[in-house]
Number of protein chains: 2
Amino acid sequence: MTEEESIKINKFDSILKSARKLIGEEGFSNFTMDKLANNAGIAKGTVYLYFKNKNDVLENVLKSGFQNMFERMAHKVNNEKTPEEKIRTLIYENLLYINENKYFFKTVFLDEMNVVFLKKTSQESYNLRRKKYAEFISEIIKKGIDEGIFKNWLNPLKSGFYLISLIKTNAIYNFKTNAVEFDENLIKSEAIEIYNIFIDGVKN
Amino acid sequence: MTEEESIKINKFDSILKSARKLIGEEGFSNFTMDKLANNAGIAKGTVYLYFKNKNDVLENVLKSGFQNMFERMAHKVNNEKTPEEKIRTLIYENLLYINENKYFFKTVFLDEMNVVFLKKTSQESYNLRRKKYAEFISEIIKKGIDEGIFKNWLNPLKSGFYLISLIKTNAIYNFKTNAVEFDENLIKSEAIEIYNIFIDGVKN
DNA sequence: TATTATAATGACTTTATAGTCATAAGTCAA
DNA sequence: TTGACTTATGACTATAAAGTCATTATAATA
């Protein structure tokens with residue numbers, strides 16, 4: 001690597017670092033090229049010497065956030081023998097990685113779930129609705145725990161969110177794969193699938 | 001209700017309907033007040049006679065999308081006796097409702113998962129990364145099925161997405177509730193929690 | 001040191017879109 | 001029919017932020 005290249009890469013990296021920091025602090029929706037230049041201590045035009053455009057910055061921020069994650073996890077997981085051990089390691093390593101890149105993932109995840117076009121106050125009412133739903137489920141879970149059917153170490157509210165996320169993931173999966181109109185039977189079988197996975201997961 | 005009120009409400013509803021339609025077709029990020037007025041066949045100023053501002057429109061669109069969902073589900077669920085039956089019914093009714101409001105939920109869900117600030121092409125590479133990860137998990141699941149440990153009716157890829165969504169939901173839950181820095185032990189116990197739920201869910 | 005090449009600057013241009021408001025059209029009671 | 005009131009219009013304004021480019025500063029080279 002020549003020195004020029006190294007300087008160029010350093011600047012690239014330092015701009016990227018500023019971008020990550022800003023996005024981690026204020027989210028994607030408040031991220032502007034002016035703020036970026038300002039935070040990096042350079043002129044706006046300079047940013048465009050290192051990045052094609054704003055999208056290019058965002059893409060690199062995301063790329064850097066997920067950089068290494070996959071390789072590191074795959075490496076750890078491949079060292080395990082049984083499917084169960086692999087899954088246990090995968091979950092742990094994933095949580096660890098998320099925690100190591102806490103500010104980045106916090107923003108990405110919260111931005112993902114917050115219908116970012118809404119004003120703060122409307123986002124709150126949206127999240128409140130979600131929470132109310134999770135609380136409704138948590139009452140059912142609590143009852144199951146009290147009756148001794150469900151694992152007694154479950155966090156009922158968190159379990160409620162888990163179930164919601166399974167349902168949503170199922171819907172998204174089917175939105176993306178099923179071009180065809182899906183009928184009542186398909187819905188029924190999908191519901192049973194989620195039910196069997198979730199119930200066995202929470203049952204004693 | 002006087003006739004004026006009824007007219008006003010009809011117009012309110014018809015604008016809302018246009019908004020839902022547009023958002024369902026093009027997503028939140030492409031939704032503009034000009035398009036809305038145009039689609040509703042009225043002048044832009046008229047929209048502002050029925051809605052305070054854009055946020056007010058969006059809020060009403062979301063509200064209308066989730067309208068009745070909760071009450072309807074709660075009603076059905078409350079008719080069931082055991083926690084297990086309640087959960088089965090809840091899942092089915094939820095999937096049914098999502099399907100009945102397919103276009104609305106499709107947009108909301110996909111917008112949620114698509115880092116909307118990215119250009120289409122960058123979103124695709126982002127989704128590809130997610131898919132690659134799910135595929136990695138699906139290989140583990142397949143192995144578990146082959147070995148007879150896991151339920152043989154599992155869709156491995158979908159199960160991969162399920163696990164990712166559980167991990168993510170856990171992270172979000174902890175981001176929102178744990179103000180404190182969380183240490184390695186907490187991460188370990190969270191990982192074990194997810195592991196126990198997921199493994200029992202997929203195991204025979 | 002002088003000349004050329006490279007990097008950086010930031011004022012300016014462009015664009016998109018939210019929101020406004022003077023004007024016009026429509027409605028209805030007296 | 002008139003005039004007061006309500007509703008609707010869309011050209012216009014305001015604003016935010018992306019992206020540009022002529023100019024200037026810095027570094028490399030002869």
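Here the structure is a predicted model, which is why all the values come from computation and not from measurement. Labels below follow one simple rule: chain letters A, B, ... track the order of the sequence lines, proteins then strands, and each chain is numbered from 1.
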K.L.:
Please confirm whether the shortest side-chain N or O distance from Y48(B) to OP1 or OP2 of dC21(C) is below 4.0 Å.
P.N.:
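Y48(B) to dC21(C) OP1/OP2: no side-chain N or O under 4.0 Å.
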
K.L.:
Starting at CG of L49(A) and ending at P of dT9(C), how long is that distance when rounded to a whole Å?
P.N.:
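So the CG-P distance, L49(A) to dT9(C), works out to 9 Å.
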
K.L.:
Can you check whether L186(B)'s main-chain N or O pairs, donor with acceptor, with D183(B)'s side chain at less than 3.5 Å?
P.N.:
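Between the backbone of L186(B) and the side chain of D183(B) there is a qualifying donor-acceptor contact (under 3.5 Å).
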
K.L.:
Would you please confirm or rule out a distance under 4.0 Å between OP1 or OP2 of dA18(C) and any side-chain N or O of K54(B)?
P.N.:
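Yes, within the criterion.
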
K.L.:
Just how far, in rounded Å, is C1' of dA17(D) from NZ of K35(A)?
P.N.:
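Going from K35(A) (NZ) to dA17(D) (C1'), I get 11 Å.
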
K.L.:
If I take atom OH in residue Y50(A) and atom C1' in nucleotide dT9(C), what distance separates them, rounded to the nearest angstrom?
P.N.:
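Atom OH in Y50(A) sits about 13 Å away from atom C1' in dT9(C).
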
K.L.:
Could you check how far CG of L36(B) sits from C1' of dG19(C), rounded to whole Å?
P.N.:
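Nearest whole value for this atom pair: 14 Å.
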
K.L.:
Would you give the length of the straight line joining atom NZ of K151(B) to atom CD1 of I141(B), rounded to the nearest 0.5 angstrom?
P.N.:
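With rounding to 0.5 Å, NZ (K151(B)) is 11.0 Å from CD1 (I141(B)).
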
K.L.:
Return the value, rounded to whole Å, for the distance between atom CG of D34(B) and atom P of dT20(C).
P.N.:
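Roughly 14 Å, once rounded to whole Å.
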
K.L.:
Assuming nearest nucleotide by heavy-atom distance, tell me which of G41(A) and F31(B) is located more 5' along DNA chain C.
P.N.:
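The residue closer to the strand's 5' end, by nearest nucleotide, is G41(A).
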
K.L.:
In terms of the angle between their ring planes, are F66(B) and F105(B) parallel, tilted or perpendicular, with boundaries placed at 30° and 60°?
P.N.:
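F66(B) and F105(B): perpendicular rings.
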
K.L.:
Please state whether the rings of Y133(B) and F70(A) are parallel, tilted or perpendicular, taking 30° and 60° as the class boundaries.
P.N.:
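Perpendicular, since the angle between the ring planes exceeds 60°.
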
K.L.:
Whole-Å distance between dA7(C) P and F12(A) CZ?
P.N.:
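Computing the F12(A):CZ to dA7(C):P distance gives 15 Å.
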
K.L.:
Base, sugar-phosphate alone, or nothing: which one does F51(B) contact when heavy atoms must sit under 4.0 Å apart?
P.N.:
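Here F51(B) touches no strand at all.
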
K.L.:
Any base atoms under 4.0 Å from T32(B), or only sugar-phosphate, or nothing? Heavy atoms, all strands.
P.N.:
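T32(B): backbone/sugar contact only, no base atoms under 4.0 Å.
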
K.L.:
Roughly how far apart are K17(A) NZ and S64(A) OG, rounded to 0.5 Å?
P.N.:
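K17(A) NZ to S64(A) OG: 12.0 Å, rounded to 0.5 Å.
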
K.L.:
Is any side-chain N or O of K11(B) closer than 4.0 Å to OP1 or OP2 of dA8(D)?
P.N.:
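Checking K11(B) against dA8(D): at least one side-chain N or O falls below 4.0 Å of OP1 or OP2.
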
K.L.:
Distance check needed: dT7(D) P versus I15(B) CD1, whole Å only.
P.N.:
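Taking CD1 of I15(B) and P of dT7(D), I get 13 Å after rounding.
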
K.L.:
Any idea which of dT9(C), dA18(C), dA17(D) is nearest the A43(A) side chain?
P.N.:
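Among dT9(C), dA18(C), dA17(D), the one nearest the side chain of A43(A) is dT9(C).
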
K.L.:
K44(A) has an atom NZ; how far is it from atom P of dA18(D), in whole Å?
P.N.:
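Atom-to-atom, K44(A) to dA18(D), this comes out as 6 Å.
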
